[in-house]
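Nothing here was measured: the structure is a model prediction, and the numbers come from that model.
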2 protein chains.
Amino acid sequence: MNDTNAMPAIHTVVALFTIRERLEFLRLDAERGRLPVGALLPGEGLEACARRALWTATGIEDVFLEQLYTFDGEQAGAQAIVAYYALAPCERLPIRRPGVGWADPAEVTTLLAEEHQIIVQRACERLAGKLEYAPIAYQFLAERFTLGELQAVYEIIGRQALDKRNFRRRMHASAHLVETRDVRRNGPHRPARLYRLRDTQPAVAG
Amino acid sequence: MNDTNAMPAIHTVVALFTIRERLEFLRLDAERGRLPVGALLPGEGLEACARRALWTATGIEDVFLEQLYTFDGEQAGAQAIVAYYALAPCERLPIRRPGVGWADPAEVTTLLAEEHQIIVQRACERLAGKLEYAPIAYQFLAERFTLGELQAVYEIIGRQALDKRNFRRRMHASAHLVETRDVRRNGPHRPARLYRLRDTQPAVAG
DNA sequence: CGCGTTGGTGTCATTCATACACCAACGCTA
DNA sequence: TAGCGTTGGTGTATGAATGACACCAACGCG
């Protein structure tokens with residue numbers, strides 16, 4: 001089992017997050033519950049491997065993907081495990097495969113194999129931290145979105161309610177937003193103005 | 001050359017920084033200039049490998065070490081390269097080996113092999129960013145230090161002069177500092193009070 | 001047409017960040 | 001031994017950012 005020659009050298013793991021009412025992560029039901037894992041192929045890039053792992057397990061592609069941390073791989077039968085987290089709006093996640101579903105990060109200890117728990121936990125921390133200074137919240141939204149939707153993302157990831165007026169002031173000051181001319185009629189209430197993310201690439205993603 | 005069996009699967013690279021007047025990183029002179037690199041041994045942990053790489057090249061041990069990023073390894077003849085950055089006060093760095101020296105991060109493009117440049121650059125960015133919210137500045141200082149020394153670290157890493165009084169207010173408010181009863185007489189001027197870092201482990205280092 | 005629901009707006013108080021100048025304690029040297 | 005040069009150490013006043021807070025608008029539905 002620990003034969004060094006037969007051991008695939010490097011694995012990638014992907015924790016995919018989305019927001020549907022609450023923050024959820026993608027989980028493979030097999031056995032105890034696992035995240036999508038891929039073994040690095042010769043000549044393959046690490047990020048490509050992670051995307052392939054996600055695609056193979058779920059059919060999902062073209063998500064926001066960022067490296068999280070690289071772990072020792074001993075107990076997983078690899079030499080190293082490069083963990084990624086991925087973000088996507090739930091509309092773009094057409095999961096129609098058996099054994100693939102969503103789970104609550106708060107219940108990670110009961111729903112996930114032990115080696116993968118730390119990945120989801122650290123990803124949540126990173127998410128909450130990065131929310132303040134990087135435009136990651138938009139990754140959970142469609143191309144055009146309302147300020148109400150955006151605020152919901154902030155509240156869910158940051159785990160606290162926010163004041164509506166202060167939030168809007170912050171967002172308008174942040175210069176990431178572009179107001180469109182359209183509104184969305186959603187329910188039995190006043191239509192909401194639609195915004196989109198300013199397309200300038202926001203610095204580095206490392 | 002790209003024989004998959006003979007290729008060491010994983011390398012670690014370490015960018016060691018210290019402050020002597022200016023911020024400097026440790027560089028091996030061989031060829032174009034390189035950072036210390038190690039090949040992961042079977043059963044060895046990643047961080048252990050990085051420490052071993054640093055020790056082998058320089059004889060330095062027991063430094064602050066933190067993972068930076070994991071790169072594709074193709075062009076370096078590996079499958080992946082796990083980069084670390086290390087911090088230490090210069091007094092603890094007894095380098096007495098040929099071909100090991102210090103260099104200015106600003107001149108990285110002329111002093112370092114191309115694949116390693118990005119590591120030093122990203123480490124500098126991370127350092128400057130983390131300075132604000134994590135107690136990393138202390139890693140450049142001895143166990144006991146003066147506020148003048150601490151401010152110098154902040155100014156060098158943050159690349160801007162700071163107001164003395166505002167800085168001291170910030171530091172005292174940060175609750176990382178413990179005032180000792182001792183002072184240090186250094187030059188032809190008033191002795192400086194010595195401080196040390198409060199020993200509570202400050203959250204996670206990921 | 002009235003109700004329920006979400007969208008949208010401004011002000012005031014507090015906190016935080018910034019700018020700024022002087023005396024203290026020592027070593028050195030004349 | 002007196003003066004100078006050097007770094008250590010302290011408080012205040014002003015502007016900026018943040019946090020708390022309440023009401024009307026526009027729509028769908030019954």
Side-chain angles (χ1 to χ4, degrees), chain A residues 19-22 89 128-129 131-135 137-138 140-142 144-197, chain B residues 19-22 128-129 131-134 137-138 140-142 144-197:
Chain A
I19 291 185
R20 312 186 308 171
E21 313 279 323
R22 302 276 155 245
L131 197 61
E132 309 294 326
Y133 65 92
Y138 308 96
F140 291 104
L141 299 171
R144 304 206 303 173
F145 51 87
T146 71
L147 290 180
E149 291 166 346
L150 185 60
Q151 181 172 350
V153 173
Y154 272 81
E155 288 178 333
I156 289 169
I157 297 181
R159 294 173 156 275
Q160 63 175 341
L162 299 174
D163 178 85
K164 201 205 297 186
R165 283 169 290 189
N166 294 340
F167 176 79
R168 289 161 115 94
R169 183 179 15 163
R170 255 173 69 196
M171 292 302 109
H172 280 119
S174 81
H176 288 307
L177 287 182
V178 178
E179 185 174 328
T180 73
R181 303 200 140 190
D182 302 331
V183 295
R184 175 186 300 160
R185 278 183 307 277
N186 218 7
H189 53 77
R190 178 171 171 175
R193 170 127 277 135
L194 289 170
Y195 292 78
R196 61 178 178 81
L197 182 56
Chain B
I19 291 185
R20 312 184 309 170
E21 314 279 323
R22 301 275 154 248
L131 197 61
E132 310 294 326
Y133 65 93
Y138 308 96
F140 289 104
L141 299 171
R144 304 205 301 172
F145 51 86
T146 71
L147 290 180
E149 292 166 347
L150 185 60
Q151 182 173 348
V153 173
Y154 273 80
E155 289 179 334
I156 289 170
I157 298 181
R159 293 173 159 275
Q160 64 175 341
L162 299 175
D163 178 85
K164 201 203 299 187
R165 285 168 291 190
N166 293 340
F167 177 78
R168 288 161 116 91
R169 176 160 30 123
R170 252 174 71 195
M171 291 302 110
H172 281 118
S174 80
H176 287 308
L177 287 182
V178 179
E179 186 174 326
T180 73
R181 304 199 138 190
D182 301 332
V183 295
R184 175 187 298 161
R185 280 184 305 277
N186 219 7
H189 52 79
R190 177 171 172 175
R193 169 129 277 131
L194 289 170
Y195 292 79
R196 62 178 178 80
L197 181 57

For nucleotides 17-19 of chain D, which of its nitrogen or oxygen atoms have a protein nitrogen or oxygen under 3.5 Å away, and what is each distance?
| unit_1 | atom_1 | unit_2 | atom_2 | d |
| --- | --- | --- | --- | --- |
| D:dG19 | N7 | A:R169 | NH2 | 3.2 |
| D:dG19 | O6 | A:R169 | NH1 | 3.2 |
| D:dG19 | O6 | A:R169 | NH2 | 3.1 |

Return the value, rounded to whole Å, for the distance between atom [atom1] of [X] and atom [atom2] of [N].
| X | N | atom1 | atom2 | result |
| --- | --- | --- | --- | --- |
| B:F167 | C:dA19 | CZ | C1' | 17 Å |
| A:D182 | C:dG7 | CG | C1' | 16 Å |
| B:E149 | D:dG9 | CD | P | 11 Å |
| B:R168 | C:dA17 | CZ | P | 18 Å |
| A:H172 | C:dG10 | NE2 | C1' | 14 Å |
| B:D163 | D:dT10 | CG | P | 14 Å |
| B:E132 | C:dA17 | CD | P | 11 Å |
| B:F145 | D:dT7 | CZ | C1' | 18 Å |

Mind listing the closest non-hydrogen atom pair of A:L141 and A:P89 along with its distance?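 That would be O-CG, 3.7 Å.
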Looking at every heavy atom in both A:L177 and A:H172, which two are closest together, and how far apart are they?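 Result for this residue pair: CD1-N, 4.5 Å.
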Point-to-point distance, once rounded to the nearest 0.5 Å, from CZ of A:R181 to CG of A:L194: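 A:R181 CZ to A:L194 CG: 14.0 Å, rounded to 0.5 Å.
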Salt bridge (Lys or Arg N to Asp or Glu O under 4.0 Å) partners for [X], two or more places apart:
| X | answer |
| --- | --- |
| A:E155 | none |
| B:R170 | none |
| A:R168 | none |
| B:D182 | B:R144 |

For the side chain of B:N186 and the base of C:dC26, is some donor closer than 3.5 Å to an acceptor across the two?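 Between C:dC26 and B:N186, which were checked side chain against base, a qualifying N/O pair under 3.5 Å is absent.
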N/O to N/O distances under 3.5 Å, protein versus nucleotides 22-29 of chain D:
| unit_1 | atom_1 | unit_2 | atom_2 | d |
| --- | --- | --- | --- | --- |
| D:dA22 | N1 | A:R165 | NH1 | 3.2 |
| D:dA25 | O4' | A:R190 | NH1 | 3.2 |
| D:dA26 | N3 | A:R190 | N | 2.8 |
| D:dC27 | O2 | A:P188 | O | 2.7 |
| D:dC27 | O2 | A:H189 | N | 3.0 |

Do other residues, nucleotides or ligands put more than 12 heavy atoms under 6.0 Å from the CZ atom of A:R184?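 Yes - once you tally the heavy atoms of other residues, nucleotides and ligands closer than 6.0 Å, there are more than 12.
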Within the supplied structure, the quantity of interest is the number of heavy atoms (other residues, nucleotides, ligands) at a distance under 6.0 Å from A:R185 CZ; does it exceed 12?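 Not buried by this count: 12 neighbours or fewer within 6.0 Å.
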